[in-house]
Amino acid sequence: MIKVLIVDDIPETRDHLSRFLGLEREIDVAGTAGSGEEAIQLSMDLRPDVIVMDINMPVLDGIATAEIIAQRLPTSPIIMMSVHGEAEHLKRAMLAGAREFLVKPFSGDEFATSIKRVHERELVRRQQLQVAPGATQASSPAAVESTEDHQVLAVFSPKGGAGVTTLATNLALALRRETNQRVALVDANLQFGDIGVLLNLNPKNKSVLDAVEGGEPDRDIIESVMVDHSTGIRVLLAPPSPEGADLVTPAFLRKIVDMLRETHDWVVVDLPSGLNDHTLGVLDAADQVLVVGALEITTIKNVRLFLEVADQLDYDRSKIRLVINRSDASQGIRIGDVEASIRRTIDGTIVSDGRLAVLAVNRGVPFVISHPESPLARDVIKLARTLAGEGVASTQSIDKAAKRGLFARR
Ligand SMILES: Nc1ncnc2c1ncn2[C@@H]1O[C@H](COP(=O)(O)OP(=O)(O)OP(=O)(O)O)[C@@H](O)[C@H]1O
Ligand SMILES: [Mg+2]
């Protein structure tokens, strides 16, 4: 049973939400609170598995309450509810430690699903942190950490404008959301990096250029140039102007990616479309390469050429994953045609939604955060699950088997 605490200052809403969950067999409404103060007291007493809280409450509002609870009870995840889906609300809720954001009105189904999802993710997180349930302080992760299952995910397309930056950014956020692990996002478009804009980061922030000025990259220097985003991911920005790109050598970029891999579970790299020493270095370093294609002949031709290069480079076939962006906007080409043409299966598809994609860029809030229920975001979240879940499991088990000599190669 998932023990839930409902916090809302309006009694009817509390009743309404409790009734929503009345039919759910796995969920038990352990208590309801009408104010922030009451919520803090009750959560310490009940130690709920999930807390659902309204953002707008008199005196101590949802944000302030969430901040206090997230500190005292890090093992009780909070879902924030609001009538507005505004970016500012969202950001503040996430900063305060909320794990999900629900915009009212929502259905009973959405409500229960969100609770179950947050609970499940919390269980995974606890396992990773080895925190005892109900612990009042988040204990630090195991001192000696294996980096074997850390992943560098390079996102690449042999054709410009395919949606690499859009996918890399939203995937990084989706991975964070789904796994709660440490995610770094690297803007490797050294001349014209867009990630700062997509995430609405201050252009005065540090960039990879500041690491170059420090000489040889070392852990402290790289740490000092990573920018924290409100969602919990960490970003390495491209130089603020194109001429800065020349100062970042391929070896330097590669070294940075390798070093970030030591301290992050995921390093997502947004690559420019050409094959050069910079991109090749990152592709070599990557555990998975996500190739972004489209239902368009020239792109498919280039994807096929890239796959040939990957073969020549001796990349393991399982290292390359394929996704078709704007997969529903085809003019006569079907997924099956592409699969036949490149003789590989597609790992994921992303629907076309120009309105939402552009809105997200212009507002500086990626759609995975602002519209997680949209078909576009759902496709990206699904892809993130594929890459995190079965992707990791299958490559890992193959690696392990290889080490045991079961699949001796040649
Ligand atoms: N699924 C989608 N539906 C609609 N529009 C999309 C989708 N994915 C990306 N776009 C839009 O396509 C344009 C190009 O996307 P993006 O910048 O991510 O591509 P890119 O591959 O990184 O390009 P570049 O080669 O310039 O680096 C952007 O305007 C973006 O909003
Ligand atoms: Mg790009």
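In each ligand, atom 1 is the first atom listed, and ligand 1 is the first ligand listed. Basis for what follows: all heavy atoms, side chains included, without hydrogens, waters or symmetry-related copies.
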Exercise for the section: Would you mind listing which atoms of ligand 1 come within a distance below 4.0 Å of any non-hydrogen atom of T165? Expected result: 18 (O), 20 (P), 22 (O), 27 (O)
Exercise for the section: Decide whether an N or O pair under 3.5 Å exists between G160 and ligand 1. Expected result: no
Exercise for the section: Using protein heavy atoms only, decide if any is under 4.0 Å from atom 13 (C) of ligand 1. Expected result: yes
Exercise for the section: List the steps, then state whether side-chain hydrogen bond (donor to acceptor under 3.5 Å, both in side chains) holds for E296 with T299. Expected result: CA-CA 6 Å; E296 184 204 50; T299 311; 2.4 Å; yes
Handout entry: Atoms of ligand 1 close to S352 [distance to a heavy atom under 4.0 angstrom, numbered from 1]
Key = 1 (N), 3 (N), 4 (C)
Exercise for the section: List every atom of ligand 1 that sits less than 4.0 Å from any heavy atom of L376, numbering the atoms from 1 in the order shown and giving each element. Expected result: 1 (N)
Problem - Residue pair D258, K255: steps toward the salt bridge (charged side-chain N to carboxylate O under 4.0 Å, His left out) verdict - result: CA-CA 5 Å; D258 286 337; K255 187 102 191 263; over 6 Å; no
Practice task
Sort by chain and number the protein N/O/S atoms that are closer than 2.8 Å to the Mg ion (ligand 2), and list them.
Solution key: T165 OG1
Handout entry: Expected output: side-chain E339 to main-chain I346 donor-acceptor under 3.5 Å
Key = yes
Exercise for the section: Show your reasoning for whether side-chain hydrogen bond (donor to acceptor under 3.5 Å, both in side chains) applies to S318 and D316. Expected result: CA-CA 5 Å; S318 63; D316 207 298; 3.2 Å; yes
Practice task
Using a distance threshold of 4.0 Å (strictly less than), state whether atom 24 (P) of ligand 1 has a protein heavy-atom neighbour.
Solution key: yes
Completion exercise
Paired with E100, the side chain to side chain contact (heavy atoms under 4.5 Å, CB included) test is passed by just one of M80, M94, R177, namely R177
Handout entry: D311 and R317 ion-paired at < 4.0 Å
Key = yes
Problem - Any residue meeting ring-ring contact (aromatic ring centres under 6.0 Å, His included) with F101, in chain and number order, not counting sequence neighbours - result: none
Handout entry: ligand 1 to V361 polar contact by distance, N or O atoms, under 3.5 Å
Key = no
